[in-house]
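Just below is one structure, and these are the notes that go with it.
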Amino acid sequence: MKYNFDKIINRKGTNSFKWDAGEILVKIGYADKFNDETIPLFVADMDFECPQPVLDALRKTVDQQMFGYTTQMTSSEYYSALKNWFKRRQNWEIEDNQIIYCPGTVHALIMAIRAFTKPDEKVIIQQPVYAPFYKTVVDNGRTVVNNELLNDNGFYTIDFNDLEEKAKDEKTTLMFFCSPHNPVGRIWTKQELKKVAEICENNNVILVSDEIHSDLIRTNETFFPIADVSDLQNVVVCTAINKTFNLAGLHCSNIIIKNRLLRAQFQKELGMKSPSPFEINALISAYNEGEEWLEQLNEYLDENFDFLEKFLTEKMPKVKYRRPEGTYLAWLDFSDYNLPEEEIHKRIYTDANVILQDGKAFGEKCSLFQRICLPTPRSIIEKAMNRISEQF
Ligand SMILES: Cc1ncc(COP(=O)(O)O)c(C=O)c1O
């Protein structure tokens with residue numbers, strides 16, 4: 001079946017955070033205005049229909065006509081769908097008992113902090129990075145230590161000397177690792193993964209590898225899971241159908257923990273949580289039958305990145321940008337305009353009436369960056385980019 005990612009679907013009136021929460025965004029100062037003409041490209045969810053098999057499975061779930069307590073534990077289909085996906089796509093063998101369902105990946109980060117660290121301990125993150133990596137640590141009363149990524153002309157790498165120094169600190173007991181990386185778009189090489197895994201292992205730092213962007217990769221790129229380079233004895237891997245299949249509203253994450261002790265600690269903190277009937281059926285259909293859609297999606301995303309690249313080269317050559325290897329996010333550096341961050345923000349959010357995400361949300365040093373999410377029909381991206389370029 002051929003999917004049409006150009007199709008525009010009106011999401012207003014669906015309680016969409018991206019399209020309906022304008023008033024809240026203005027109230028919290030995230031946006032200056034939000035009206036019928038606003039184009040929101042800030043939330044990392046997609047404006048595309050889910051794969052047909054997933055829609056069918058969800059409709060079938062409604063036909064059950066009742067939605068009592070459910071458990072995935074009696075569903076061998078749930079486990080086999082998940083295991084087969086990772087075996088087929090990443091050559092990673094997972095066992096049933098290593099899989100813990102968790103209602104959302106951010107929730108898993110919070111559980112990891114509470115399960116594996118004490119209040120006076122430190123957690124390593126690598127900014128610029130997805131804002132909740134910082135916020136979950138601070139909100140839970142732990143200390144963030146930032147192993148800032150190195151930016152070489154838009155290509156980001158890891159400062160391993162600094163990472164090792166920070167990991168050596170006895171108070172450092174956990175690391176949040178984003179792989180592929182939001183927002184810089186890197187897919188880490190096996191060598192890079194190996195070094196991160198070794199540094200953590202040698203210094204008794206538990207490594208949480210958030211791999212929820214691992215299915216969203218550019219053609220000709222290969223994603224390597226941390227499982228390729230580590231025996232996973234001190235590793236927790238976050239997986240989810242949320243990003244891959246545009247199912248974030250279902251909050252269906254699965255956390256893979258091989259080490260029995262770590263698994264028990266995590267499970268104790270999490271308590272007994274079960275996926276809803278919608279999540280169970282969505283996961284089974286997505287992992288068993290969603291691959292055709294995903295391949296077409298990645299091709300469409302490639303073309304969105306082609307479009308953005310050409311647009312920036314022709315109309316906004318001062319914006320520094322490098323095509324990401326993974327994710328559907330573009331990380332735009334406006335520093336060559338020599339404008340203060342407030343002026344960049346005003347021109348985009350107020351004058352162009354487009355909502356992106358200010359770089360400072362990802363780290364202190366990123367105030368002149370903007371992140372744009374590209375999983376949206378090209379005509380919408382084109383309209384947004386035209387409006388932005390007219391302001392610069
Ligand atoms: C790296 C990363 N982790 C987690 C999340 C959120 O995941 P969830 O919706 O499963 O909580 C996002 C969303 O953008 C993300 O980019």
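Note that the numbering runs from 1 along the sequence shown for the chain. Every number for a ligand or one of its atoms is a count from 1 in the order of the listing.
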Is there any N or O on Asn242 that sits under 3.5 Å from an N or O of ligand 1?
-> yes
Just need the protein heavy atom nearest to atom 12 (C) of ligand 1, so name the residue and atom and give the distance.
-> Tyr130 CZ, 3.2 Å
Identify, for atom 8 (P) of ligand 1, the protein heavy atom at the shortest distance, and state residue, atom and that distance.
-> Thr105 N, 3.5 Å
Quick one: does His251 get within less than 4.0 Å of ligand 1, heavy atoms only?
-> no
Under 4.0 angstrom from ligand 1, any heavy atom of Ala240?
-> no
For ligand 1, the portion of [X] having any non-hydrogen atom under 4.0 Å away:
X	result
Ile212	side chain
His213	side chain
Ala44	side chain
Lys243	side chain

How long is the gap from NZ on Lys243 to CG on Asn182, to the nearest 0.5 Å?
-> 8.0 Å
[Y] and [X] side chains, donor-acceptor separation under 3.5 Å:
X	Y	answer
Glu279	Tyr101	yes
Tyr134	Glu364	no
Asp231	Gln233	no
Asp358	Tyr349	yes

Using a cut-off of 6.0 Å, state whether more than 12 heavy atoms not belonging to Glu343 lie near its atom CD.
-> yes
For ligand 1, which atoms, with element, lie under 4.0 Å from some heavy atom of [X]?
X	answer
Asn182	15 (C), 16 (O)
Ser253	10 (O)
Cys178	1 (C)

Nearest heavy atom to atom 3 (N) of ligand 1: which of Val43, Asp210, Asp45, Ile110 does it belong to?
-> Asp210
For the pair Trp331 and Phe369, name the ring-plane relationship: parallel under 30°, tilted 30 to 60°, perpendicular over 60°.
-> parallel
Under 6.0 Å between the ring centres of Tyr130 and Phe176?
-> no
Verify whether the ring centers belonging to Phe48 and Tyr300 lie closer than 6.0 Å.
-> yes
